[in-house]
Amino acid sequence: MERPALDRINATIRKGIITGLVGPDGAGKTTLIRLMTGLLLPTSGQIKVMGLSTHSSQIHDITGYMPQKFGLYEDLSVLENLDLYADLNGLSVAEKKDAFKRMLAFTSLKPFINRLAGNLSGGMKQKLGLACALLSRPQVLLLDEPTVGVDPLSRRELWTMVQDLTHKGMTVIWSTSYLDEADKCHEVLLLNEGKLLFNGPPEDLTKRMKNRVFQVEVPLKNRRKVLTKLLNLPYVIDGVIQGNKLRLVTSSSLKNSLRHRVPPRFEDAFIDILGGISKGDSILAENFPLKKQTSSSLIKAENLTKRFGNFTAAQDISFTIKRGEIFGLLGPNGAGKSTIFKMLCGLLQPTLGEALISGVNLKTAPAKARSHIGYMAQKFSLYGDLSVEENLNFFSGSYGLQGPYRTKMIDLMVTIFDLHPYLNSNANLLPLGYKQRLALACAVMHEPDVLFLDEPTSGVDPLTRREFWTHINGMVEKGVTIMVTTHFLEEAEYCDRIALIYQGINIATGTPDDLKNMVKTRKMPNPTLEDSFIALIEKQGVQ
């Protein structure tokens, strides 16, 4: 018998607060939100919103809904989208004028009213989506992963905006894969496999982790190896890299003077209640060949500049990346990261400057340079209308794999990433975690020297993110060079070095700890990487 998407959920969501909805991929979060909006009807049981059954046609008058996937029309302008959603909500001409004035002021989108929605940055798109959901002045606002793909600065802005709404009495349900956001919610519903595991203030779950979280300082060059060893200890249930330190979560309180206790987070409790992360080394890395060491740089950007008409998307970008190094490219939405990324992958020709991969110039010998590259992007690196098996066959062929070796590598990827149950499923229909697995499998089948990862874990839960980084850390130890963009700054801590891009310019380069030290003050003696990101960007904004 097939497992239900939701299984006997009983919960009451309080009025006028933000309630977080969290859980791993496939937990039932989106199903629950759609039931609350009346888009789905329960198989059994009932849901009431402000006293109304979700069967009632009036449910749409009191709820605002912002879906997980961008629900706007990209070929319409900001103003045209607002006008369309106003008509759908039955607003009169007079009501429209007042609503548009409020929403444009609230979201700071007034200067962009004539810009096509498809040309907005990720943060602006989410603000426009929020504005459209609020046009009818709902009593209950349902947000399904509103900050996926949004940079930390825009995430803070969206959070502040939604908090302001609750101060005015609105009830908000906020589904999220960012557990720092869940930590700030008044209450949290934690789902797993359709069951409700926890319902209450996040601090009530976090406090079960008291005296179970530690920080260990390790030599920078050994941190990945040390983390792998520690994660295989029976009493370690989670561990992450934080600059030159490791943050470890244990199954019980440990009395050891060599360890430095640190305050627990909601994410620690989340992973604990779900049974901890998977143990063991990366099977993918174990099957990867050891790359030949070289003193020359694997990736080299020399004065890369890209102009689109009068607009300069990237200006005079230069850096080098060594064999077996993880290099992060960070910045707000619209900063120019993707443009730089695409020039280094050979997907975009620079206006000026050069990009070299393994010493090969992407402009003069693009095919040879690309043979050294693997590329993974969550949104664009799979063919959604092809099955899992067809995607594997297509990408293995495009990377030049042939005959028995091609069959061997496809079979290996299917085994490593547990893709057997989904071989005949279209890529579009896969759970997000399996999309990510398939995209990584397609990118590494040809055992590349260089792997480009563009927002690879956007929207996935912490357990899936840990699994992904286990593979990445293992491949780096085999000498693979990684370049990654991410808006999740917790995972940017895994980078050996980072370039922070703002308005097409590289404004800071260094290790994660270097960037933190740049913004350290008496008021902020221990900044996080997110604190550093925001402070450095804001400093540029006032210059």
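Nothing here was measured: the structure is a model prediction, and the numbers come from that model. One-based numbering along the sequence shown.
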Has the side chain of [X] got a donor or acceptor atom that lies under 3.5 Å from a matching backbone atom of [Y]?
X      : Y      : result
Glu286 : Ile283 : no
Asn81  : Ser77  : yes
Thr464 : Val460 : no
Ser282 : Leu284 : yes
Thr511 : Asp496 : no
Lys478 : Asn287 : no
Lys306 : Gln315 : no
Ser458 : Glu455 : no
Glu325 : Lys322 : yes

## Note on the structure
So CG of Asn391 and CE of Met413: to nearest 0.5 Å the spacing works out to 14.5 Å
### Summary
The reported gap from CD1 in Ile9 to CG in Leu189 (rounded to nearest 0.5 angstrom) is 8.5 Å
### Message
Does atom NZ (Lys279) have a neighbourhood of more than 12 heavy atoms from anything else shown, all under 6.0 Å?
### Response
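Yes, NZ of Lys279 has more than 12 neighbouring heavy atoms, counting only those of other groups under 6.0 Å.
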### Message
How about CZ on Arg497, more than 12 heavy atoms from neighbouring residues, nucleotides or ligands closer than 6.0 Å, or not?
### Response
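Yes - once you tally the heavy atoms of other residues, nucleotides and ligands closer than 6.0 Å, there are more than 12.
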If you compare all heavy atoms of [X] against all heavy atoms of [Y], which two are closest, and at what distance to 0.1 Å?
X      : Y      : result
Gly479 : Arg323 : O-CD, 2.6 Å
Leu72  : Cys132 : CD2-SG, 3.6 Å
Val150 : Gln126 : CG2-CG, 3.4 Å
Glu477 : Leu290 : O-CD1, 4.2 Å
Leu463 : Gly276 : CD2-O, 4.0 Å
Lys337 : Pro332 : NZ-O, 3.1 Å

Looking only at side chains, do [X] and [Y] share a donor and an acceptor under 3.5 Å apart?
X      : Y      : value
Glu354 : Asn303 : no
Asp144 : Thr30  : yes
Asp454 : Thr485 : yes
Asp281 : Asn232 : yes
Glu491 : Thr486 : yes
Thr470 : Asn473 : no
Glu181 : Trp159 : no
Thr351 : Arg307 : no

#### Entry: Contacts of Lys291 that satisfy salt bridge (Lys or Arg N to Asp or Glu O under 4.0 Å) - sequence neighbours left out
Asp449
### Task
Check ring-ring contact (aromatic ring centres under 6.0 Å, His included) between Phe198 and all other residues, then give those that pass, not counting sequence neighbours.
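ring-ring contact (aromatic ring centres under 6.0 Å, His included) check on Phe198 returns nothing, list empty.
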### Residue list, ring-ring contact (aromatic ring centres under 6.0 Å, His included) with Phe452, at least two apart or on another chain
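Phe452 satisfies ring-ring contact (aromatic ring centres under 6.0 Å, His included) with Phe341 only.
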Salt-bridge test for [X] and [Y]: reply yes if a basic N is under 4.0 Å from a carboxylate O, no otherwise.
X      : Y      : answer
Asp268 : Arg247 : yes
Asp151 : Arg156 : no
Glu267 : Arg466 : yes
Lys125 : Glu74  : yes
Glu157 : Arg155 : no

With a 4.5 Å cut-off on side-chain heavy atoms, are [Y] and [X] touching?
X      : Y      : answer
Met409 : Glu447 : yes
Phe327 : Val484 : no
Ile277 : Leu231 : yes
Leu128 : Thr107 : no
Asp7   : Pro4   : yes
Thr528 : Leu489 : no
Leu438 : Leu430 : yes
Leu429 : Asn426 : yes

### Message
Does the Lys NZ or Arg CZ of Arg115 fall within the cation-pi geometry relative to Phe112 - under 6.0 Å from the ring centre and within 45° of the axis?
### Response
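Arg115 over Phe112 ring: no.
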### Message
Would you say the ring centers of His471 and Phe417 fall short of 6.0 Å from each other?
### Response
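For His471 and Phe417, the ring centres are under 6.0 Å apart.
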### Query
Arg265 and Glu490: salt bridge (Lys or Arg N to Asp or Glu O under 4.0 Å), yes or no, with the steps?
CA-CA 13 Å; Arg265 306 176 304 192; Glu490 180 80 15; 3.3 Å; yes
